[in-house]
Amino acid sequence: MKYTLIEIKKNLIKAIEESVGKAIASGAFSADSLPEIIIEVPREKAFGDFSTNIAMQLPKLTKKSPKFLAEEIIKNFDMTGTLVEKIEIAGPGFINFTLESDWIYGVLKDIDRLKESYGRTEAGKGKTVNVEFISANPTGPMHMGNARGGAIGDGMASILDWAGYEVTREFYINDAGNQIAKFGQSLEARYLQINGMDVQFPEDGYKGEDITVHMEEFTKIHGDKYVEMESSARKQAFIEYALEKNLTKIKEDLGGYGITYDVWFNESSLYESGEVIKTIDELTQRGHTYEKDGAIWFKATDFGLEKDDVLIRNNEIPTYFAADIAYHVNKLRTRKFDWSINVWGADHHGHVARMKAALEAMGLSGDRLDVIIMQLVRLTRKGETARMSKRQGNMVTLSDLIEEVGTDAARFFFNLRSPESHFDFDLDLAVEESNENPVFYVQYAHARISSILRQIEDDLTKVKLDYTLLKAKEERELMEILAIFPDEITGAAAKMDPSRITRYAMDVAANFHSFYNACRVKSEDIELMKARLELVKGVKLVLKNITEILGINAPERM
RNA sequence: GCGCCUGUAGCUCAGUAGGAUAGAGCAACGGCCUUCUAAGCCGUGUGCCAGGGGUUCGAAUCCCUUCAGGCGCGCCA
């Protein structure tokens, strides 16, 4: 085989472009602009190895029929250097290309040459992207929603990295504002109760067990001397103590979940630096605010939204929205990220349009912000639905989840479905750790290959490597699935959906298991053994790359 | 009431920048281990793509409308 797969595709696209150009030059048809040439792998084998729908894209521009266009393109097609053996027009105007059968071995050449970086693409070359995810309130432990957001966000960040972007993973710590005040009140009430005072717990306070535990431990250290202290100083002390504890715990849990951040960004720093006020001032200068009922409002209605939003309350405290605008200006203008991606729960979707509007109002394109809205996780246990609001207490935390099902299963599970699908996490089922769990299927493929590699001790360095010995149907299909890995990366990045990679992983594993049952690697025929060895090494490498992206382990043994 | 998400096989879901005969897994039934890990493989079938209308060479995919479920519509975050 002369070419790697990447070269083959590049050559084919170029040849199609040239043939379209020549057809136009010959006067067969004319077009002001040309759509991008897209080649895809047809669903059916009978339709060849690659196809393009270019002849069906051109009728609108040329006023000619797809059939006519396809014929003209084929007439002008130069096969030199493309490995194309046969071209056919099929269906409504597809042009199908059949290549010399050797072409598929190009993928093994690619893998051999690129090794650990096989699958990386340059789609996002030179662009920086900030992926912000989880950003759990530090007022308590992380819940199932955070767990899903973590799996999606970290997976997304890895995919973008593989797609060539320069990626920063970021956690926004909401350590300012209203919920921190409530956090303080809740801590204070528990402390006083623990130390024998009969006080009312705040109506909308945090009722979780963790609040009580914090104050019990605090009491163990400091005793009851805070009972006499002035309330605001006391609350401040409690907040500092508990926040520190919670953040430590969050970082620990995330470490166990396989997530590491590049940046931990404090909301409070936006107040300290004056960025919140400066942002509101700039909005005012640009004419996008007004005063009403003692509050400062953002004129979201100027940007086609239904209603305006408050930036500064009539008690002079800025809203979360105001801080979030400052935060995104910080990302896009101060820190100059080309692109900002946030992973938010569906309960925040109403926030998306006004954030984009606010960015426009600040003179920044709203297109530079994308929000992956994930539907909320519904947790079921023995058929019952459990709610997961922090203020209700009684919730399943991320660390509970990891303890029950393990990191691998959790992260794989959360990326099994696309973010926008409503997802029922059935704890009873996930706990089973049986073959029900698809993560084992993928890991098992990796372990099986590792086992084969351990058992082949022959020195094959002197044996001739001849990929063309790989002729079986299962071998060919396995190479074909490996060949689309870079496309899967590009696709997952474009669609902003990590679950595509999870499904691809299962496809690769399925093709490998079929191969495994049909073909033996260990063989008397050492040339065949060498070729198959290269093939399974390629599969192992792709599986390893995928599991890294998804943040799960690729075990050598199971 | 308004907005967003979802509705595809018995169940859980892919497929939605319009494309070729709508696909997987689970569940059900029947096969495959003296040979590299049976957590595996092979085979058997299933659809008013929620309903209705429209756009066009072509619609699960786009538009309108109805229905069902979830979420949101706060000087909460």
Side-chain angles (χ1 to χ4, degrees), chain A residues 36 38 40 42-44 46-47 51 53 56-57 59-60 65-67 90-94 96 135 137 139 174 176-180 182 204 267 292-297 305-307 309-324 344-353 373-376 378 390-391 416-424 426 429 433-445 447-456 474 494-495 497 499-500 503 506-507 509-510 512-523 529 532-533 536 557-558:
Chain A
E36 190 193 352
I38 293 169
E40 49 188 20
R43 198 176 305 162
E44 295 290 324
F47 296 138
S51 75
N53 64 352
M56 291 184 287
Q57 300 296 329
K60 276 166 201 154
S65 74
K67 270 239 150 70
F94 288 99
N96 295 333
S135 297
N137 282 343
T139 51
N174 298 124
N178 239 332
Q179 86 276 7
I180 290 292
K182 255 171 213 153
D204 52 352
E267 182 184 357
K292 192 182 92 185
D293 304 332
I296 308 286
W297 295 70
L305 275 77
E306 277 185 19
K307 55 182 191 57
D309 292 286
V310 171
L311 295 168
I312 302 184
R313 305 180 180 93
N314 62 12
N315 64 5
E316 293 178 14
I317 298 172
T319 58
Y320 164 86
F321 179 43
D324 219 16
W344 288 349
D347 53 342
H348 286 68
H349 78 254
H351 189 51
V352 178
I373 291 294
M374 52 163 193
Q375 296 299 315
L376 301 176
R378 194 166 29 205
K390 268 191 191 165
R391 293 173 197 172
L416 219 45
R417 311 264 175 267
S418 56
E420 73 266 20
S421 71
H422 299 267
F423 183 62
D424 287 345
D426 184 341
L429 183 78
E433 286 206 19
S434 64
N435 41 353
E436 292 266 305
N437 201 329
V439 66
F440 290 118
Y441 186 76
V442 173
Q443 292 180 320
Y444 186 46
R448 269 184 155 175
I449 296 169
S450 305
S451 172
I452 293 169
L453 298 182
R454 275 196 301 274
Q455 287 174 56
I456 294 177
E474 288 81 4
K495 293 278 183 180
D497 182 3
S499 73
R500 286 176 161 249
R503 282 189 291 275
M506 292 190 283
D507 265 358
F512 170 74
H513 287 310
S514 294
F515 160 83
Y516 182 90
N517 278 272
C519 309
R520 287 184 57 79
V521 177
K522 252 174 110 171
S523 166
M529 175 158 78
R532 285 185 172 164
L533 208 52
V536 298
R557 295 167 201 271
M558 284 175 75

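Below, chain A is the first sequence line, B the second, and so on; all start at residue 1.
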Across all strands, who's sitting opposite [N] as a Watson-Crick or G-U wobble pair, both distances under 3.5 Å?
{"N": "B:rC4", "value": "B:rG70"}
{"N": "B:rG45", "value": "none"}
{"N": "B:rG10", "value": "B:rC26"}
{"N": "B:rG19", "value": "B:rC57"}
{"N": "B:rU34", "value": "none"}

Is there a side-chain polar atom (N or O) of [X] under 4.0 Å from OP1 or OP2 of [N]?
{"X": "A:Gln455", "N": "B:rU37", "answer": "yes"}
{"X": "A:Lys292", "N": "B:rC75", "answer": "no"}
{"X": "A:Arg503", "N": "B:rU12", "answer": "no"}
{"X": "A:Ser523", "N": "B:rC36", "answer": "no"}
{"X": "A:Asn178", "N": "B:rC76", "answer": "yes"}
{"X": "A:Arg313", "N": "B:rC76", "answer": "yes"}

Could you check which of [options] has an atom nearest any side-chain atom of [X]?
{"X": "A:Tyr516", "options": "B:rC36, B:rG19, B:rG72", "result": "B:rC36"}
{"X": "A:Ser421", "options": "B:rC13, B:rA39, B:rG15", "result": "B:rC13"}
{"X": "A:Ile452", "options": "B:rG70, B:rA77, B:rC36", "result": "B:rC36"}
{"X": "A:Thr319", "options": "B:rC5, B:rG19, B:rA77", "result": "B:rA77"}
{"X": "A:Arg448", "options": "B:rU37, B:rA77, B:rG72", "result": "B:rU37"}
{"X": "A:His349", "options": "B:rA20, B:rG72, B:rC36", "result": "B:rG72"}
{"X": "A:Ser514", "options": "B:rC41, B:rC75, B:rU6", "result": "B:rC41"}

Measure [atom1]/[X] against [atom2]/[N] and give the value in whole Å, please.
{"X": "A:Trp344", "N": "B:rC4", "atom1": "CH2", "atom2": "P", "value": "17 Å"}
{"X": "A:Glu267", "N": "B:rC76", "atom1": "CD", "atom2": "C1'", "value": "12 Å"}
{"X": "A:His513", "N": "B:rG25", "atom1": "NE2", "atom2": "P", "value": "12 Å"}
{"X": "A:Asp507", "N": "B:rC13", "atom1": "CG", "atom2": "P", "value": "19 Å"}
{"X": "A:Asp309", "N": "B:rA77", "atom1": "CG", "atom2": "P", "value": "12 Å"}
{"X": "A:His422", "N": "B:rC5", "atom1": "NE2", "atom2": "C1'", "value": "5 Å"}
{"X": "A:Arg417", "N": "B:rC13", "atom1": "CZ", "atom2": "P", "value": "5 Å"}
{"X": "A:Glu306", "N": "B:rG72", "atom1": "CD", "atom2": "C1'", "value": "11 Å"}

Distance between the [atom1] atoms of [N] and [M], in whole angstroms?
{"N": "B:rC49", "M": "B:rU21", "atom1": "C1'", "value": "15 Å"}
{"N": "B:rG25", "M": "B:rA9", "atom1": "C1'", "value": "12 Å"}
{"N": "B:rA68", "M": "B:rC32", "atom1": "C1'", "value": "45 Å"}
{"N": "B:rG45", "M": "B:rA24", "atom1": "P", "value": "13 Å"}
{"N": "B:rG40", "M": "B:rU65", "atom1": "C1'", "value": "50 Å"}
{"N": "B:rC5", "M": "B:rA17", "atom1": "P", "value": "14 Å"}
{"N": "B:rU12", "M": "B:rG74", "atom1": "C1'", "value": "37 Å"}
{"N": "B:rA27", "M": "B:rG10", "atom1": "C1'", "value": "8 Å"}

Taking the side chain as C-beta and beyond, is there a heavy-atom pair between [X] and [Y] under 4.5 Å?
{"X": "A:Phe94", "Y": "A:Met56", "value": "yes"}
{"X": "A:Gln179", "Y": "A:Tyr320", "value": "no"}
{"X": "A:Glu420", "Y": "A:Ile373", "value": "no"}
{"X": "A:Tyr444", "Y": "A:Tyr441", "value": "no"}

Give A:Asp324 one of three labels, base, sugar-phosphate or nothing, depending on what nucleic acid heavy atoms sit under 4.0 Å from its own.
->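 No contact.
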Just checking A:Ala447: base, sugar-phosphate only, or nothing, at a heavy-atom cut-off of under 4.0 Å?
->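 If one applies the 4.0 Å heavy-atom cut-off, A:Ala447 turns out to touch a base.
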B:rC67: syn or anti, with syn meaning chi within 90° of zero?
-> anti
Is the closest side-chain donor-acceptor distance between A:Arg503 and A:Ser499 under 3.5 Å?
->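 Indeed, the side chains of A:Arg503 and A:Ser499 share at least one donor-acceptor pair under 3.5 Å.
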Does a distance-only test, which skips hydrogens and angles, find a donor-acceptor pair under 3.5 Å between the side chain of [X] and the base of [N]?
{"X": "A:Asn314", "N": "B:rC75", "value": "yes"}
{"X": "A:Ser499", "N": "B:rA14", "value": "no"}
{"X": "A:Asn96", "N": "B:rA20", "value": "yes"}

If you find the nucleotide of RNA chain B closest to A:Asn517 and the one closest to A:Met56, which residue's nucleotide is nearer the 5' end?
-> A:Met56
Which residue, A:Pro42 or A:Ser418, contacts RNA chain B at a nucleotide closer to its 5' end, judged by nearest heavy atom?
->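 This one resolves to A:Ser418.
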In this structure, are over 12 heavy atoms from other groups packed under 6.0 Å from A:Gln455 atom CD?
-> yes
Heavy-atom pair with the smallest gap, counting every atom of A:Pro419 and A:Asp497 |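 Smallest interatomic distance, heavy atoms only, reads CD-OD1, 3.3 Å.
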Is the ring of A:Tyr444 stacked on the base of B:rG40, with centres less than 5.5 Å apart and planes under 30° off?
-> no
Ring-on-base stacking between A:Tyr441 and B:rA39, under 5.5 Å between centres and under 30° between planes: is it there?
->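 One would not call A:Tyr441 stacked on the B:rA39 base.
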Do A:Arg448 and A:Tyr516 meet the cation-pi criteria used here (NZ or CZ under 6.0 Å from the six-membered ring centre, within 45° of the axis)?
->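 Yes, A:Arg448 sits over the ring of A:Tyr516.
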Hey, can you tell me if A:His351 and A:Phe321 have their rings parallel, tilted or perpendicular (30° and 60° cut-offs)?
->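 It falls in the perpendicular class, over 60°.
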